[in-house]
Enquirer: 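Let me begin by handing over the structure; questions about it come next.
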Amino acid sequence: MHLAEVEHNLKPGSRAQHYIADIVGDLPGPTIIAVAGIHGNEATGIAAIERIVKEIEPLTSKMKGRFLGLKGNIPALSAGVRFVDEDMNRLWTTSILDKIRRTKSMELSSIDRVEVKKMLQILDPIVLSEEQGEIIYVDLHTFSGSGGLFSITSDDDRHSKILSKLGVPRIFGLQHSIPGTSMDYVEDAGHIGFAFETGTHGSKEAEDNAYAGLLVLLESLGMIDKNDISDFDVCHDYLTSRVSGYPSKVKFLYKHIIEEGDEFVMRPGFHNFDKVDKGDWLASDKNGEIKAQADGYLLMPLYQQQGNDGFFIVRDCE
Ligand SMILES: [Zn+2]
């Protein structure tokens with residue numbers, strides 16, 4: 001079933017606007033839920049999901065499981081901004097979700113909460129269903145800096161089994177420093193969830209990385225046969241080449257939190273996984289130079305206006 005066409009017949013603001021596609025294979029298998037644009041300035045993942053849909057839609061008769069592709073924050077996507085009133089990817093804590101479910105859309109305190117409510121109307125019947133089999137939730141993101149691609153995930157066997165097949169660097173422990181992401185919601189329900197940071201906002205490379213990653217994931221879960229995808233090997237090799245030289249597993253050490261009025265500015269030229277030493281000058285704010293508080297790798301240096309995370313420092317696990 002392809003729901004993308006249906007949305008045009010429904011009133012604006014309806015949850016159907018969130019569907020990119022819902023493809024159900026004829027054979028039983030896991031469910032991949034791929035979400036793009038939960039940050040409205042990160043639309044690249046939508047194009048990647050649309051490419052995946054084109055590839056797998058003709059294969060439904062032999063596909064195992066279900067691929068559900070969703071858009072996140074529709075008003076923010078339309079405006080090309082990270083969020084409208086508040087970050088939609090910091091609202092998925094148990095208590096805020098409970099409040100959002102109990103409150104009428106018109107009475108919610110922000111447009112972004114209305115978006116969460118519409119997403120929950122789609123996701124709750126799947127994610128919270130007792131009959132539901134394995135769910136793998138992929139939250140697609142891009143970043144304002146450059147360099148690499150990586151996943152933000154939990155350090156347990158179930159996640160490792162799946163993420164190791166994807167082969168991109170895994171960042172552990174970050175979700176504790178970013179509470180209320182949609183991954184929390186999926187993982188609290190007992191499923192697999194990870195964020196997939198695929199490249200610089202709006203770049204072709206970020207789209208290609210997301211597309212190749214999703215394709216490899218579908219194949220590694222046994223949902224599609226690689227022989228049915230003409231460019232599977234090309235995508236697989238491409239993905240491998242994109243991550244060579246990067247550490248495979250790193251753990252979160254700390255992030256620099258930007259507070260109101262800080263006037264934070266990252267120094268130019270930093271990339272993901274740049275090695276930094278304690279004391280290196282990384283950024284400035286109105287109080288002066290901000291230096292690395294530990295040795296490690298730099299992650300997600302902030303080169304945009306919106307967002308409260310200035311940069312992260314991570315370190316090798318091994
Ligand atoms: Zn994001």
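Side chains are part of it too, since the values below use all heavy atoms of this structure and drop only hydrogens, waters and symmetry mates. Order of appearance sets the numbers: ligands from 1, and atoms from 1 within every ligand.
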Enquirer: By atom name, which N, O or S atom belonging to His39 lies closest to the Zn ion (ligand 1)?
Expert: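 This residue's closest N, O or S atom turns out to be ND1.
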
Enquirer: If the threshold is 4.0 Å, N to carboxylate O, is there a salt bridge linking Lys62 and Asp26?
Expert: no

Enquirer: With the Zn ion (ligand 1) at the centre, find the angle made by ND1 from His141 and OE2 from Glu42, to 10°.
Expert: 140°

Enquirer: Does a side chain donor of either His18 or Gln121 reach within less than 3.5 Å of an acceptor in the other side chain?
Expert: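 On atom types as modelled, these side chains do not qualify, holding no pair under 3.5 Å.
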
Enquirer: Report the C-alpha separation of Glu197 and Ser151 in whole Å, then their side-chain angles, then the decisive distance to 0.1 Å, and conclude whether the side-chain hydrogen bond (donor to acceptor under 3.5 Å, both in side chains) test is met.
Expert: CA-CA 6 Å; Glu197 297 274 358; Ser151 60; over 6 Å; no

Enquirer: From Glu197, does some N, O or S atom reach closer than 2.8 Å to the Zn ion (ligand 1)?
Expert: no

Enquirer: Output a table of donor-acceptor pairs, distance under 3.5 Å, between side-chain atoms of residues 275-282 and any protein atom two or more places apart or on a different chain; print 'none' if there are none.
Expert:
unit_1	atom_1	unit_2	atom_2	d
Asp280	OD2	Asp277	N	2.8
Trp281	NE1	Ala283	O	2.9
Trp281	NE1	Ser284	OG	3.3

